[in-house]
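Below: the structure, in structure tokens.
Every number for a ligand or one of its atoms is a count from 1 in the order of the listing. Numbering starts at 1 and runs along the sequence shown. Treat the numbers as computed from the prediction; the structure is a model and nothing was measured.
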Amino acid sequence: MRRPIRKVSVIGLGYIGLPTAAMFASRKIEVVGVDVNAKTVDTINRGEIHIIEPDLDMVVSAAVSQGYLRATLDPEPADAFLIAVPTPFKGADHEPDLSYIEAASKAIAPVLEPGNIVILESTSPVGATEAMAEWLAEARSDLKFPQHAGEEADIRIAHCPERVLPGKVMQELITNDRVIGGMTQRCSLTAAALYKLFVTGDCVIASGPRAAEMAKLTENSFRDVNIAFANELSLICDELGIDVWELIVLANRHPRVNILQPGPGVGGHCIAVDPWFIVSSAPALSPLIQAARGVNASKPEWVIDQVKSALGTHLVANPDKTAKDVRIAVYGLSFKPDIDDLRESPALEIAERLCAWHAGPMSVIEPYIDALPETLETAQLSGRSTNIEADIHVMLVDHRDFKGSDRPRGEIIDARGVWAGTPQLYSFIERRRSDRVDT
Ligand code: SAJ
């Protein structure tokens with residue numbers, strides 16, 4: 001039984017759920033968002049947002065004022081349920097934590113009706129959609145589910161992983177292709193019809209949820225492994241006295257080479273997490289993925305060591321000074337350029353560890369925040385000006401505001417290549433980056 005989609009319920013109103021809910025609502029579909037956080041629910045019902053994502057505020061405000069979007073703490077009946085809750089890992093073995101998916105499944109089970117579709121959007125380890133289907137079936141023995149009834153099921157179930165880039169979510173939600181892994185063919189077709197309400201990209205139907213789960217994990221692991229290659233090159237180049245930014249520009253002139261950019265480490269809530277979901281499913285078969293995680297996770301330590309050695313060099317050259325007299329300037333705290341998101345940020349980790357270690361004054365230049373986190377309370381926030389007097393300059397995030405800024409005087413630790421090379425090389429790098437990276 002397939003019924004028309006009149007009402008969509010989105011469970012989890014975070015970085016993925018809220019933009020997705022707003023997108024359906026902008027297409028004049030009734031959307032009810034469900035979240036466990038009362039403050040989030042209130043904020044959205046006022047037409048405001050609790051996260052930063054370009055253009056999201058306008059779409060939410062319009063959708064709420066026109067009556068297409070509202071938020072609630074308690075699930076209610078709908079035609080389609082989209083689950084967009086966190087899937088972190090737990091413990092030293094990085095085991096995936098499916099407790100949020102389990103809780104969301106148990107929360108919606110009582111309101112499910114024949115003809116509904118339930119779609120898992122959260123990035124998940126292989127097998128999570130089947131686990132979700134079982135939690136739902138256990139809670140609703142009166143309904144038929146696809147793992148037992150196939151196409152005769154009352155409820156359709158699919159995995160459709162979110163794949164949007166923070167900072168470009170409202171655009172990529174529409175234009176990106178969607179991978180859809182239904183538990184049956186009809187589950188996939190129902191999910192595809194739902195996304196086609198706003199997606200202009202292709203809805204690509206996978207053989208099932210396991211392939212769709214693995215596809216998403218593979219995309220982020222691909223990026224992690226490639227960034228690790230760039231980060232490893234940066235260490236090798238430092239040892240050999242070669243400018244890694246120049247090296248990458250040169251090597252990328254080959255038609256089949258496209259090396260990504262080194263940095264202070266890999267941050268965010270996806271790329272540093274998702275590879276572990278593959279590793280936990282096949283630990284003995286994933287040495288490359290594990291090694292890449294190791295390379296990227298150790299990069300902050302390497303940057304800190306560079307700062308420590310720059311401080312040593314500065315003190316040798318200035319024997320009248322002690323560490324207390326040495327001024328350090330840190331450029332950028334967010335996990336990647338041009339956003340305010342500090343969660344899982346290697347730049348923030350480096351700044352915090354330097355702040356705890358350094359006896360002298362520290363400035364932080366971060367145009368995207370108004371106040372420093374408590375962990376940096378002894379540092380001074382300096383807005384967006386790069387005209388900072390300091391003895392050691394540590395470039396961590398290549399925000400737009402920093403690019404093209406003059407190389408300051410003093411010791412330089414440039415983890416992003418902002419002050420790298422000659423002006424000609426710099427503008428060439430910029431051209432190549434805008435062609436190839438993060439687009
Ligand atoms: N980074 C580098 N060098 C690079 C590119 C990125 O060091 O050349 C760093 C960034 O600075 C950042 C981290 O990697 O710290 C991750 O940034 P990102 O822009 O690569 O990715 P995310 O985490 O913002 O979003 C990723 C995207 N995945 C892919 O591009 C394959 C996005 O499409 C996913 O939807 C998202 O993960 C997710 O939610 O899974």
Side-chain angles (χ1 to χ4, degrees), residues 12 14-17 19-20 51-54 84-88 121-125 160-173 175-179 201 212-235 244-245 248-249 252 258-278 292-293 295-300 302-303 332-350 395-399 402 414-418 429 432-439:
Y15 279 81
I16 298 301
T20 304
I51 52 178
I52 303 250
E53 179 60 42
V85 295
T87 42
E121 280 218 7
S122 311
T123 304
S124 300
C160 182
E162 60 85 7
R163 306 159 93 198
V164 285
L165 195 71
K168 286 190 182 172
V169 167
M170 298 310 275
Q171 179 195 324
E172 291 205 353
L173 267 178
T175 55
N176 282 5
D177 293 343
R178 299 288 314 215
V179 169
E213 287 159 347
M214 189 62 183
K216 169 60 196 263
L217 303 179
T218 301
E219 290 157 19
N220 280 355
S221 298
F222 170 88
R223 199 150 166 88
D224 197 44
V225 168
N226 281 280
I227 296 169
F229 182 63
N231 276 332
E232 187 163 294
L233 285 176
S234 74
L235 271 54
V244 69
W245 314 100
I248 291 173
V249 167
N252 280 352
N258 185 10
I259 302 166
L260 293 180
Q261 302 298 312
V266 167
H269 351 288
C270 313
I271 299 214
V273 174
D274 302 350
W276 290 117
F277 291 173
I278 298 181
R293 271 290 71 238
V295 169
N296 288 335
S298 65
K299 195 69 194 290
W302 186 80
V303 174
L333 292 179
S334 58
F335 90 83
K336 64 180 193 173
D338 306 326
I339 59 168
D340 72 331
D341 195 342
L342 307 188
R343 295 175 306 160
E344 318 297 332
S345 169
L348 178 64
E349 179 194 334
I350 291 166
M395 174 57 74
L396 297 176
V397 185
D398 47 337
H399 285 312
F402 300 161
D414 184 357
R416 288 291 184 181
V418 167
I429 289 174
R432 300 291 292 176
R433 277 186 181 172
S434 55
D435 287 352
R436 300 182 125 185
V437 178
D438 283 354
T439 52

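When atom types are taken as modelled, the side chain of Asp398 and the backbone of Val418 share no donor-acceptor pair closer than 3.5 angstrom. Within the 3.5 Å criterion, the main-chain N or O of Ala272 finds no donor-acceptor partner in the side chain of Asp224. Without hydrogens or angle criteria, Lys299 side chain to Val266 main chain gives no donor-acceptor distance under 3.5 Å. Side-chain atoms of Glu172 come within 3.5 Å of backbone N or O of Leu165 as a donor-acceptor pair. Ser234 places no side-chain N or O within 3.5 Å of a backbone atom of Val244 that could act as its donor or acceptor partner.
The shortest N or O to N or O distance between Glu172 and ligand 1 is not under 3.5 Å. For the pair Val164 and ligand 1, the shortest N or O to N or O distance falls below 3.5 Å. Geometrically, ligand 1 and Thr123 share no nitrogen or oxygen pair separated by less than 3.5 Å. Polar contact check, Phe335 against ligand 1: a nitrogen or oxygen pair lies under 3.5 Å apart.
Note that NZ of Lys168 is 13.5 Å distant from CG of Leu173, once rounded to the nearest 0.5 Å.
Of all atoms in ligand 1, listed by their number and element, those nearer than 4.0 Å to a heavy atom of Arg416 are 2 (C), 7 (O), 11 (O). With ligand atoms numbered from 1 in the order given, ligand 1 contributes 31 (C) to contacts under 4.0 Å with heavy atoms of Glu219. For ligand 1, the atoms sitting less than 4.0 Å from at least one non-hydrogen atom of Glu162 are 35 (O), 38 (C), 39 (O), 40 (O), numbered in the order shown with element in parentheses. Heavy-atom proximity to Cys270, at under 4.0 Å, picks out these atoms of ligand 1: 36 (C), 37 (O), 38 (C), 39 (O), 40 (O).
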**Asked** What do the steps show when you test Asp341 against Lys336 for side chain to side chain contact (heavy atoms under 4.5 Å, CB included), and what is the final call?
**Response** CA-CA 8 Å; Asp341 195 342; Lys336 64 180 193 173; over 6 Å; no

**Message:** With side chain to side chain contact (heavy atoms under 4.5 Å, CB included) as the criterion, how do Glu162 and Tyr15 come out once you've worked through the C-alpha distance, each side chain's angles and the decisive distance to 0.1 Å?
**Reply:** CA-CA 10 Å; Glu162 60 85 7; Tyr15 279 81; over 6 Å; no

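The side-chain hydrogen bond (donor to acceptor under 3.5 Å, both in side chains) search around Glu344 returns none, not counting sequence neighbours.
Contacts between Arg223 and ligand 1, counted as non-hydrogen atom pairs separated by less than 4.0 Å, involve the side chain only. At a heavy-atom distance under 4.0 Å, only side-chain atoms of Ile227, from C-beta outward, approach ligand 1.
Among Lys299, Arg163, His269, the residue whose heavy atom lies closest to atom 33 (O) of ligand 1 is Arg163. Across the listed options Leu165, Asn296, Asn220, Asn220 owns the non-hydrogen atom lying nearest to atom 31 (C) of ligand 1.
Assignment of Gly267 to the shell around ligand 1 is supported, since a heavy atom sits closer than 4.0 Å.
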